[in-house]
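A quick write-up on the structure given underneath.
In what follows, every chain begins at residue 1, and chains take the letters A, B, ... in the order their sequences are listed.
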Protein chains: 2
Amino acid sequence: MEKKNLFGVCPYVTSQKVLTGKWSIYIMYLLAKGPIRFNELQRQMPEEMTHTTLSRQLKTLEEEGLINRIEYAQIPPKVEYSLSEIGEKFKIVLDALEIWGNEYIECMKSKKK
Amino acid sequence: MEKKNLFGVCPYVTSQKVLTGKWSIYIMYLLAKGPIRFNELQRQMPEEMTHTTLSRQLKTLEEEGLINRIEYAQIPPKVEYSLSEIGEKFKIVLDALEIWGNEYIECMKSKKK
DNA sequence: CAGCATCCGGCCGGATACTG
DNA sequence: CAGTATCCGGCCGGATGCTG
């Protein structure tokens, strides 16, 4: 039996692809709180990252259709990012990740002793 | 304010790290069905991948504590992989991913037209 | 303020070959 | 059957500098 590329077919393979970026989950988490501007977003990221990197990640997520980018025609420029419709639905994944992530952290702590 | 590495603190950052591997989600999905042997696992993976690659991914997941590796002392060798306790709890994430992944796939289909 | 162009280095996954 | 050793190429993220 021929093996196939299941991207766009299997939900797990597809999700994996979307979540590959080093920051995608955290960006989605921040956007889930509401629309946010570029610089504010960068400030809230957990680790230092250049705007180049953040910009690239956002562009990828936008191309994947997870987020919306709204540009206001003004000086200085203002751009707001927000979750798209399908991005909003991603919140159930975020919820699950939050629960599991906390359990995992606890689990690791108790093993280190 | 100093930015910090929130691995082991923030559930999202921690989860992201764990899910970076190109195959991690699908492996977890297959293991969630029950214990499975190495070769059988490889056969069920969606795309062709060498055993070297699979072996490395499994080792990583094992080091992270998500899966158990049980080696049976026999010839020919037999090794079974299964979810650890914290790995079992990961199922809620898998469920969320399955739901969202399918919605995402549908969403993309309708946009391509 | 937001973004792009470009360069660079490291890491990760794939391929091949060998071991018990 | 399962795994390791080694090499290699590509991709992705980080750094820097320029644009409107």
Side-chain angles (χ1 to χ4, degrees), chain A residues 2-7 12-13 16-28 30-31 35-64 66-82, chain B residues 2-7 12-13 16-28 30-31 35-64 66-82:
Chain A
E2 185 73 9
K3 299 249 185 173
K4 295 178 183 180
N5 174 13
L6 295 183
F7 178 73
Y12 302 106
V13 174
Q16 179 90 72
K17 195 106 175 204
V18 170
L19 297 181
T20 44
K22 187 172 172 184
W23 308 98
S24 47
I25 292 177
Y26 206 87
I27 292 175
M28 292 299 285
L30 288 180
L31 289 190
I36 188 172
R37 295 182 59 175
F38 185 89
N39 271 9
E40 181 58 22
L41 188 55
Q42 184 179 5
R43 247 171 265 128
Q44 294 196 19
M45 291 300 289
E47 293 177 59
E48 296 288 358
M49 71 190 295
T50 60
H51 56 248
T52 313
T53 303
L54 179 55
S55 183
R56 199 163 28 198
Q57 302 280 326
L58 288 168
K59 199 174 179 185
T60 303
L61 290 172
E62 191 196 351
E63 285 166 358
E64 290 170 341
L66 297 184
I67 66 178
N68 291 135
R69 180 180 174 280
I70 299 173
E71 195 171 342
Y72 295 87
Q74 63 180 52
I75 306 289
K78 174 179 172 180
V79 180
E80 256 186 7
Y81 291 91
S82 59
Chain B
E2 186 72 11
K3 299 251 185 171
K4 295 176 183 179
N5 175 12
L6 293 183
F7 178 73
Y12 302 106
V13 174
Q16 179 91 70
K17 194 107 174 201
V18 170
L19 297 182
T20 46
K22 187 171 170 182
W23 306 99
S24 47
I25 292 177
Y26 206 87
I27 292 174
M28 292 300 284
L30 289 180
L31 289 190
I36 189 172
R37 295 181 61 175
F38 185 89
N39 271 8
E40 182 58 21
L41 188 55
Q42 184 178 3
R43 247 171 265 128
Q44 296 197 17
M45 290 300 286
E47 294 176 59
E48 296 288 358
M49 71 190 295
T50 60
H51 57 249
T52 312
T53 303
L54 180 55
S55 184
R56 200 164 25 198
Q57 302 280 324
L58 287 169
K59 200 173 179 184
T60 304
L61 289 172
E62 191 195 352
E63 285 167 358
E64 291 170 340
L66 297 184
I67 67 178
N68 291 135
R69 180 179 175 280
I70 300 173
E71 194 171 343
Y72 296 88
Q74 62 181 53
I75 305 289
K78 173 179 173 181
V79 179
E80 256 186 7
Y81 291 91
S82 59

N/O donor to acceptor pairs below 3.5 angstrom from side-chain atoms of residues 49-58 of chain B, sequence neighbours left out:
| residue | atom | partner | partner atom | Å |
| --- | --- | --- | --- | --- |
| B:Thr50 | OG1 | B:Thr53 | N | 3.4 |
| B:Thr50 | OG1 | B:Thr53 | OG1 | 3.0 |

For [X] and [N], what is the distance between atoms [atom1] and [atom2] respectively, to the nearest whole Å?
X: B:Leu61; N: D:dG3; atom1: CG; atom2: P; answer: 13 Å
X: B:Ile67; N: D:dA2; atom1: CD1; atom2: P; answer: 14 Å
X: A:Phe38; N: D:dG20; atom1: CZ; atom2: C1'; answer: 16 Å
X: B:Gln42; N: D:dA2; atom1: CD; atom2: P; answer: 10 Å
X: A:Glu71; N: C:dA2; atom1: CD; atom2: C1'; answer: 8 Å
X: B:Arg69; N: D:dC1; atom1: CZ; atom2: P; answer: 16 Å
X: B:Lys59; N: D:dG3; atom1: NZ; atom2: P; answer: 10 Å
X: B:Ile36; N: D:dC1; atom1: CD1; atom2: P; answer: 14 Å

Could you tell me whether the side chain of [Y] reaches within less than 4.5 Å of the side chain of [X], counting heavy atoms only?
X: A:Arg43; Y: A:Asn39; result: yes
X: B:Pro46; Y: B:Tyr26; result: yes
X: A:Ser24; Y: B:Gln16; result: yes
X: A:Thr20; Y: B:Thr20; result: no

Exercise. When all nucleic acid strands are considered with a 4.0 Å heavy-atom cut-off, which category describes A:Tyr81: base, sugar-phosphate, or nothing?
Worked result: sugar-phosphate
Problem set entry | CA sep, side-chain torsions, deciding dist, call: A:Glu62, A:Lys59, salt bridge (Lys or Arg N to Asp or Glu O under 4.0 Å) | CA-CA 5 Å; A:Glu62 191 196 351; A:Lys59 199 174 179 185; over 6 Å; no
Exercise. Does a salt bridge link B:Glu40 with B:Arg37, judged by any charged N lying under 4.0 Å from a carboxylate O?
Worked result: no
Exercise. Yes or no on side-chain contact (heavy atoms from CB on, under 4.5 Å) for B:Glu47 and B:Met45, after CA distance, side-chain angles and deciding distance?
Worked result: CA-CA 6 Å; B:Glu47 294 176 59; B:Met45 290 300 286; over 6 Å; no
Seminar exercise, completed: With five pairs defining each end axis, the helix from C:dC1-D:dG20 to C:dG20-D:dC1 comes out bent, to 10°, by 40°
For this session: Ignoring backbone atoms, test whether A:Arg37 places a side-chain nitrogen or oxygen under 4.0 Å from the OP1 or OP2 oxygen of C:dA2.
Result: yes
Problem set entry | Candidate pair B:Ile70 and B:Tyr72, rule side-chain contact (heavy atoms from CB on, under 4.5 Å), full reasoning | CA-CA 7 Å; B:Ile70 300 173; B:Tyr72 296 88; 4.1 Å; yes
Exercise. In B/S/- notation, 5' to 3', how is nucleotides 10-20 of chain C contacted by protein heavy atoms closer than 4.0 Å?
Worked result: ---BBBBB--B
